[in-house]
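Following: one structure in structure tokens, then a few remarks.
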Number of protein chains: 2
Amino acid sequence: MPSYQPGSDTRNRLMVAAAEVFAEQGFRHARVSDICERAQANIAAVNYHFGDKENLYLAVVQKLDEESKADAPYMQIDPDASAEQKLHTFVRQFLGVLLRTGPSTWLGKLMAREMMEPTAALDYMIEHVIPPVEGVVRGIVGELLSLPPDSPIVQLCVSSILSQCMIYFDTKEIALRMRPELINPDRSYDPATIAFLAGHITQFSLHGMHAMATVPGPESGT
Amino acid sequence: MPSYQPGSDTRNRLMVAAAEVFAEQGFRHARVSDICERAQANIAAVNYHFGDKENLYLAVVQKLDEESKADAPYMQIDPDASAEQKLHTFVRQFLGVLLRTGPSTWLGKLMAREMMEPTAALDYMIEHVIPPVEGVVRGIVGELLSLPPDSPIVQLCVSSILSQCMIYFDTKEIALRMRPELINPDRSYDPATIAFLAGHITQFSLHGMHAMATVPGPESGT
DNA sequence: ATGAATTTGAAATCGTCATTTGAAAAGGAG
DNA sequence: CTCCTTTTCAAATGACGATTTCAAATTCAT
């Protein structure tokens, strides 16, 4: 019966290597052999330390979540700023995390994959990853609209805002081919581009939201 | 040397079965054996008629694209309607296609997967699938803002609009778990919900866009 | 130091799949 | 009917990859 000492060096190297490989390839395509190679560990190490591949994956998702909570800049918005500024700051920081490269984007990549082919990790994300982010945006939108954060209208606006950020993350492969000048050789977006997109999304959303507090839907077309 | 007669019955059954299996599982996870079983064909049929699995996949993507062009309701907007009505109609029809079940959603599912792990099919989609849809929305937005359809501002607004629609498609697995009451037992969204979302997205976007024609970005926050 | 528990290593196992093979069947032209 | 092409079939083949095995090495407490 293995001991699973959390401090084991090999165990840690496996988690670090696995995070990268899972983020690149997703759970199913990631190869245990590849992970072990990068971790300079034997092929049997995953099964010894984690039982199986899926358990390692779950451990990685939780670790990435904890790490992201430790420093995610979009979660720490200056409470004294105006609601408009809060929104702008959130969007800029959120885009910044999504559109650069490296570990900060890994959890997002895994989440995108979970939506297409859910594993047990999706339940974890629904419980632990999504609510904090939604909560921050609901707070800002609620303040802007003078509505309770859990109002349905606020929820719709939150979806509209987050979707505008996430599309640039989701369509990165397409952007690479259609607008390569926007993307650096290391596959990250240029900070100036990020700032520009953040400005647009903020403006678009601020004006979009003011409509929401009052108006019903338009007349139906064809 | 096989003949690849396009009319072969087995060949057609394979394409129909493959479309469904690929849409469900994606290219890599789809099993040739599974496809052949559903097509009531022998396991060797795919290689005989298409050469290999990827070629079958490409053929399926093209067929789905042609079929979608034949009837996609969001591509046929009444040119005499007001720009506002055009937008509302587009959003409602586009959401309708995305949020129901069945063959009309298959191409979208495959496209979502191509963004995460591109194959040769992504190039086809970038050339043939995306431009027509973007073109329609650019036309509507250009009309609304009195700007040329290829203006950068129009492009930003198109992204904002499409993203708000697609997020409900992309997050369906999450909605299924967080808001099951919105989704029917057959995994489609209720028409009333679709209409409601379309109303929100249209309003939000109409107001968001009017800001765009004039204003620069907001002052920077933290 | 010694013995037990833990960890590592190399090779073997076991499944799953795409693809190939070669023979049989079906179809068509003369 | 008979030769020739096209199509189907069942059974290999061959890769790949997760997991297991068990022996060797290492660590640790006494």
Side-chain angles (χ1 to χ4, degrees), chain A residues 1-61 110 113-114 116-121, chain B residues 1-61 110 113-114 116-121:
Chain A
M1 181 190 294
S3 73
Y4 301 153
Q5 295 172 2
S8 158
D9 193 34
T10 302
R11 194 185 143 95
N12 285 335
R13 288 203 316 279
L14 281 174
M15 299 246 301
V16 171
E20 187 165 2
V21 175
F22 282 136
E24 266 173 25
Q25 321 265 3
F27 171 66
R28 290 178 75 165
H29 298 334
R31 275 164 295 180
V32 171
S33 58
D34 195 356
I35 292 169
C36 291
E37 215 166 284
R38 294 202 206 191
Q40 305 207 91
N42 184 272
I43 178 71
V46 163
N47 291 312
Y48 177 73
H49 285 283
F50 296 91
D52 62 12
K53 182 183 173 184
E54 181 161 17
N55 240 305
L56 167 59
Y57 176 65
L58 257 12
V60 163
V61 166
L110 293 181
R113 284 185 189 269
E114 286 292 326
M116 306 239 44
E117 31 188 298
T119 73
Chain B
M1 181 192 297
S3 73
Y4 299 154
Q5 294 171 5
S8 156
D9 193 33
T10 302
R11 195 184 142 97
N12 284 334
R13 287 203 317 278
L14 280 174
M15 300 248 299
V16 170
E20 187 165 3
V21 175
F22 281 135
E24 266 173 25
Q25 321 263 4
F27 170 67
R28 290 178 74 162
H29 297 334
R31 273 163 297 182
V32 171
S33 59
D34 196 356
I35 291 168
C36 291
E37 214 168 284
R38 292 203 208 190
Q40 305 206 92
N42 183 271
I43 178 72
V46 164
N47 292 312
Y48 177 74
H49 285 281
F50 294 90
D52 62 13
K53 183 184 173 185
E54 181 161 13
N55 239 305
L56 167 59
Y57 176 65
L58 258 11
V60 162
V61 166
L110 293 182
R113 285 185 189 269
E114 286 292 327
M116 307 238 43
E117 31 188 300
T119 72

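Note on naming: letters A, B, ... go to the chains in the order of the sequence lines (proteins, then strands), and numbering restarts at 1 for each one.
- In this structure, the OH atom of A:Y48 is 15 Å from the P atom of D:dT26, given to the nearest Å.
- Atoms CG (A:N55) and C1' (D:dA18) sit 14 Å apart, rounded to a whole Å.
- Rounded to an integer number of Å, the gap from CG of B:L14 to C1' of D:dT8 is 12 Å.
- Residues B:N42 and B:C36 have side chains not in contact (no heavy-atom distance under 4.5 Å, counting atoms from C-beta outward).
- The phosphate of D:dT8 has OP1 or OP2 within less than 4.0 Å of a side-chain N or O from B:H49.
- Put simply, the side chain of A:M15 does not reach to within 4.5 Å of the side chain of A:H49, judged on heavy atoms.
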Which pairs, protein N/O on one side and nucleotides 18-23 of chain C N/O on the other, fall under 3.5 Å?
residue: C:dA18; atom: OP1; partner: B:A30; partner atom: O; Å: 3.0
residue: C:dA18; atom: OP1; partner: B:V32; partner atom: N; Å: 3.4
residue: C:dA18; atom: OP1; partner: B:K53; partner atom: NZ; Å: 3.2
residue: C:dA18; atom: OP2; partner: B:V32; partner atom: N; Å: 2.9
residue: C:dT19; atom: OP2; partner: B:K53; partner atom: N; Å: 3.0

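- In this structure the side chain of A:R11 never reaches within 4.5 angstrom of the side chain of A:Y48, judged on heavy atoms.
- Salt-bridge check for B:R38 with B:E24: passed, with a basic side-chain N closer than 4.0 Å to an acidic carboxylate O.
- Using a 4.5 Å heavy-atom cutoff, the side chains of B:D52 and B:N47 are in contact.
- Rounded to whole Å, the distance from CZ on A:F50 to P on D:dT20 is 16 Å.
- The CZ-P distance, from B:R13 to D:dT7, rounds to 13 Å in whole Å.
- For D:dT8, the OP1/OP2 oxygens have a side-chain nitrogen or oxygen of B:T10 closer than 4.0 Å.
- You'll find the side chain of B:L56 reaches within 4.5 Å of the side chain of B:I35, heavy atoms only.
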